[in-house]
Amino acid sequence: MEKKTYSPGILQYIPFFYVIWSDDLVSASEINVVQKAINEDTSLSNQDRIQLHAWLDVKQPPPNGELKQWKHTISNSKVKLVESDTYPLSTFSQNVVCHYKEVCPFNDQLKHIEVNLGIQPNHYNHLFDVEVEHETTSHYYDAKEIDTILKGRHAMVIDGFREVVKNPLFKWDIHRTKEEFREVVLKQVQFLADKGYGSIAYPKGYGGTGDMEGYAAIFENMMYVDGSLTIKFGVQFGLFGGSIQKLGTKKHHDHYLKRAGEAKLLGCFAMTETGHGSNVRGIKTTATYHQETDCIIIHTPGKNDNKEYIGNALHSKMASVFAQLIVDGKNEGVHAVLVPLRNDKHELLPGIVVEDNGYKLGLNGVDNGKIWFNQVSVPRENLLNKYGDITDEGTYYSDIKNPNKRFFTMLGTLVGGRICVARAGLGGAKMALAVAIRHSLKRRQFNDSIKIQEDLLMDYPSHQLRLTPLVASAYVYHAALDNMMAVYCDDSLPDKRKVETQVAGLKSIITWYANDAIQECREACGGKGYLIENRIADLKGDVDIFTTFEGDNNVLLQLAAKGVLSDFKAEFNSAGFSSVLKLLGTQLTDKLATINPVYSNKVDKEHLYNPKFHRHAFDYRTRRLTYTAAMRIRDYIKKGIPSYQAFLKVQTHLLALGKAYSVELAYNTFVDFVADIPAEKHRLLFQKLGTLYALYEIRKDADWFLEQGYLGSTKSKAIRQRVERLCTELRPHIGVLVDGFGIPEHCMTAPIAR
């Protein structure tokens with residue numbers, strides 16, 4: 001090809017003309033914009049104008065040979081397009097001229113063309129070499145180091161699990177029939193069992209390592225693969241196997257536990273009933289002991305007394321059935337009994353009916369079903385008898401004489417399931433945040449009248465405010481749940497009632513948070529977030545149920561509030577109420593003095609960012625709500641209203657108390673966690689995340705704090721401004737923060753996140 005030399009005037013237009021004619025990006029009417037710019041361009045000679053106008057003739061476009069000359073000229077300049085420039089194509093053209101000519105001023109007429117035609121770099125960047133130095137996120141922090149902090153002492157288990165799920169069996173896909181989906185999930189569960197993950201929480205003698213904390217950690221990571229896998233895994237090994245481990249004795253462990261952990265004995269956890277969901281104490285299924293046959297008869301007494309929404313119901317060979325144990329005509333309360341459901345040919349045994357629950361909003365890879373029992377007989381040995389047993393003489397015996405204490409002790413052993421549900425919800429939120437934020441660091445939209453390059457979504461303050469506090473919350477809740485599981489697993493604390501109260505609250509606020517976060521992420525991705533391929537749609541359906549299973553959140557918050565009111569010591573009833581109030585009075589009245597107006601309007605950064613202020617605010621709210629709830633209940637009881645009715649009258653008050661207590665617990669746990677981070681660099685980052693969480697939570701409840709006089713209007717406004725400012729300060733690191741969740745790249749299948 002003969003080398004062609006262009007004048008400086010023509011040379012500066014060549015990149016524009018190459019874009020125009022290579023992809024036909026402009027119409028005939030838009031050619032007028034270019035013609036006008038040429039006519040008004042004082043840097044052009046008359047000869048230059050004639051040539052440029054000739055190249056704009058839509059009836060006689062430049063020949064292919066001319067386009068090749070343009071491409072050759074541009075390529076030989078070795079100039080790269082920098083997409084982040086304010087006027088990318090104009091600046092690129094100027095730099096091409098600078099390569100060939102000594103004088104190369106910026107041409108405002110080219111800027112005029114670029115602005116008025118509205119062509120974006122993504123329209124033409126395939127035509128040029130692109131400069132890749134521009135970073136959408138800072139690399140001051142290393143995502144792997146952040147992930148290491150979050151993994152803590154469970155790093156080896158988590159890393160091993162992430163490697164295992166690289167197997168093609170775990171590749172995410174769209175399943176439109178529940179039957180196909182369930183078979184895939186069952187194979188995944190069996191594969192993980194073969195690798196030892198099913199029994200990880202069981203004692204060493206039964207194939208495990210006794211690592212319940214590690215089990216919870218991989219439970220969250222499982223959500224990165226699929227929600228149905230997570231729940232099916234939890235039902236088989238956590239609920240079914242866990243009930244044998246926690247409620248059974250050595251004979252049950254020896255006979256069933258290892259096979260359950262290996263998924264060779266598939267089982268389900270039959271507690272919930274159609275007529276009784278969260279009220280486990282009120283379930284109607286009976287387990288009646290017959291001394292003549294030395295058997296227990298399991299029976300569903302009424303049409304709506306069947307077991308409902310039982311995961312693994314269609315694949316199981318056995319169920320842990322919770323029922324009212326009746327011995328010698330006396331109801332001894334709820335106990336668990338192992339009941340075979342199917343024979344070796346997978347045929348239902350006599351007296352058992354199982355129906356498929358059908359399609360659900362989400363988790364369609366889990367085989368949920370309804371179960372009825374019609375006078376089903378099982379041996380006495382099938383009673384999971386750690387807390388209550390039937391002797392050889394046919395009498396009931398328990399070391400825990402108080403039926404209420406026995407019931408709550410039994411349920412307390414299963415609290416780990418609630419922690420795992422919260423961790424699964426958190427995993428879903430992390431996944432959605434990673435997808436949405438990665439998308440926001442690539443997707444451009446809108447600009448001003450000056451800047452031709454559209455802005456990244458994440459550079460908009462509104463987008464930062466929508467997503468950044470959710471990322472901060474994910475970090476806070478991660479630390480809170482990690483610590484909660486450690487406390488739950490601490491055998492030096494045999495009384496789990498305080499833990500049960502704390503878990504009830506955390507499970508509620510975290511699963512609600514997860515649903516809100518996923519919805520915000522869906523909206524933040526626009527229509528792309530609605531596509532199933534981008535994972536958020538399935539996360540929405542899968543995580544939604546977490547707010548009501550393993551305990552309805554509204555019920556659990558009331559449980560948490562009652563735990564606070566009784567200081568975890570006294571059962572809350574009318575007889576013991578005065579002693580509880582006396583305790584509360586000494587704890588609270590002296591700490592609810594009127595807030596100093598100077599304090600309520602203190603707005604300096606040092607104060608607003610100080611954890612002491614955050615702790616004080618959360619503590620004040622919890623104590624105030626506790627005290628006022630107690631006073632209201634006392635007043636109702638004084639009027640002769642039964643304690644149960646008194647509680648109903650303050651139900652919404654109790655929900656507010658449960659939330660306040662749980663937020664305070666999560667934040668205090670996070671502050672303690674951050675204090676132990678050795679590297680100051682990371683400690684300061686995590687402190688900023690904690691500050692954002694605290695101020696964001698205070699801001700969400702600003703109306704309450706304002707009503708109480710704890711905040712003045714000036715301080716409330718300052719907190720709002722600080723929340724926005726913190727989001728801006730964290731903007732350079734937002735990509736690293738979501739990468740710090742440690743979601744494996746092979747799980748990040750969403751096209752908009754890659």
Side-chain angles (χ1 to χ4, degrees), residues 141-167 169-172 188-189 191-202 204 207-227 229-234 236-238 261 416-417 419-434 471 474-489 510 514 535 539 669-670 673-674 676-679 682 686 736-749:
Y141 298 103
D142 187 331
K144 290 183 179 179
E145 292 176 356
I146 294 174
D147 180 34
T148 299
I149 293 171
L150 293 182
K151 288 183 295 190
R153 63 180 183 276
H154 311 301
M156 186 177 296
V157 172
I158 294 171
D159 289 342
F161 178 79
R162 290 174 180 173
E163 281 297 315
V164 166
V165 295
K166 283 183 178 179
N167 188 288
L169 178 63
F170 297 95
K171 184 179 180 182
W172 185 85
Q188 291 173 335
V189 167
F191 184 92
L192 291 177
D194 289 342
K195 296 294 183 181
Y197 289 102
S199 56
I200 187 174
Y202 304 161
K204 290 183 179 179
T209 58
D211 189 3
M212 182 64 185
E213 294 179 64
Y215 171 90
I218 66 169
F219 203 76
E220 176 184 315
N221 278 260
M222 221 173 290
M223 283 296 293
Y224 306 150
V225 179
D226 184 77
L229 167 62
T230 309
I231 298 309
K232 179 105 172 167
F233 184 94
Q236 170 65 30
F237 307 116
I419 302 176
C420 289
V421 167
R423 294 221 47 167
L426 180 59
K430 287 179 177 178
M431 186 72 175
L433 285 165
V471 173
Y475 276 83
V476 171
Y477 293 145
H478 179 102
L481 290 175
D482 233 18
N483 178 73
M484 199 74 262
M485 185 55 85
V487 174
Y488 170 72
C489 294
I510 292 173
R535 300 290 302 274
L539 288 169
T669 304
F670 185 72
F673 168 78
V674 172
D676 291 333
I677 296 176
H682 295 119
F686 277 64
V736 176
L737 285 171
V738 293
D739 288 347
F741 292 153
I743 303 174
E745 281 302 313
H746 57 268
C747 293
M748 292 297 294
T749 57

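The structure displayed is predicted, hence computed values, not measured ones. What you see below is based on every heavy atom in this structure, not just the backbone, and it leaves out hydrogens, waters and symmetry mates.
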Original post:
How far does CZ of Phe191 sit from OH of Tyr197, to the nearest 0.5 angstrom?
Top reply: 9.5 Å

Original post:
With sequence neighbours left out, what residues match Cys747 under side chain to side chain contact (heavy atoms under 4.5 Å, CB included)?
Top reply: Tyr224, Val225, Ile743, Pro744

Original post:
Do Phe237 and Val189 have side-chain heavy atoms sitting under 4.5 Å apart?
Top reply: yes

Original post:
Sub-3.5 Å donor-acceptor pair from the side chain of His478 to the main-chain atoms of Leu150, do we have one?
Top reply: yes

Original post:
Looking at Val165, Asp159, Ile158, which hits side-chain contact (heavy atoms from CB on, under 4.5 Å) with Phe161?
Top reply: Val165

Subject >> Working for side chain to side chain contact (heavy atoms under 4.5 Å, CB included), residues Glu213 and His154 >> reply: CA-CA 8 Å; Glu213 294 179 64; His154 311 301; 3.4 Å; yes

Original post:
Of all heavy-atom pairs between Gly261 and Ala193, which one has the smallest distance, and what is that distance?
Top reply: O-CB, 3.6 Å

Original post:
For Glu220 and Gly427, which heavy atoms make the closest approach, and how far apart are they?
Top reply: CG-CA, 3.7 Å

**OP:** Could you walk me through whether Leu426 and Phe741 pass the side chain to side chain contact (heavy atoms under 4.5 Å, CB included) test, one step at a time?
**Re:** CA-CA 11 Å; Leu426 180 59; Phe741 292 153; over 6 Å; no

Original post:
Would Tyr475 and Phe686 count as a close aromatic pair, with their ring centres under 6.0 Å?
Top reply: yes

Original post:
Is there a side-chain contact between Asn483 and Phe673 (heavy atoms, below 4.5 Å)?
Top reply: no

Original post:
Is the closest side-chain heavy-atom distance between Asp482 and Arg423 below 4.5 Å?
Top reply: yes

Original post:
In terms of ring plane angle, is the pair Phe233 and Phe219 parallel, tilted or perpendicular, where the classes change at 30° and 60°?
Top reply: tilted

Subject >> Atom of Ala486, atom of Arg153 and distance for their closest heavy-atom approach >> reply: CB-NH2, 3.7 Å

Original post:
Donor-acceptor pair, Arg162 side chain versus Gly742 backbone, under 3.5 Å?
Top reply: yes

**OP:** Could you grab the distance from atom CG of Asp676 to atom CD1 of Ile149, nearest 0.5 Å is fine?
**Re:** 11.5 Å

Subject >> Closest heavy-atom pair and its distance - Gly207, Ser199 >> reply: O-OG, 2.8 Å

Original post:
Between Thr749 (side chain) and Trp172 (backbone), is there a donor-acceptor pair under 3.5 Å?
Top reply: no

Subject >> Verdict with supporting geometry, Tyr141 and Leu737, side chain to side chain contact (heavy atoms under 4.5 Å, CB included) >> reply: CA-CA 9 Å; Tyr141 298 103; Leu737 285 171; over 6 Å; no

Subject >> Salt bridge flag under 4.0 Å for residues Lys144 and Asp739 >> reply: no

Original post:
If you measure from CG on Asp211 to CE on Met156, what distance do you get to the nearest 0.5 Å?
Top reply: 11.0 Å

**OP:** Answer yes or no: is there a side-chain heavy-atom contact under 4.5 Å between His746 and Lys171?
**Re:** no

Subject >> Side-chain heavy-atom pair Lys232, Gln188 within 4.5 angstrom cut-off >> reply: no

Original post:
Which heavy atom in Met223 sits nearest to a heavy atom in Ala424, and how many Å separate them?
Top reply: CG-O, 3.2 Å

Subject >> Residue list, salt bridge (Lys or Arg N to Asp or Glu O under 4.0 Å) with Asp194, at least two apart or on another chain >> reply: none

**OP:** Might you work through the side chain to side chain contact (heavy atoms under 4.5 Å, CB included) test for Leu192 and Met222, ending with a clear yes or no?
**Re:** CA-CA 11 Å; Leu192 291 177; Met222 221 173 290; 4.3 Å; yes

Subject >> Shortest non-hydrogen contact from Cys420 toward Tyr215 >> reply: SG-CE2, 3.6 Å

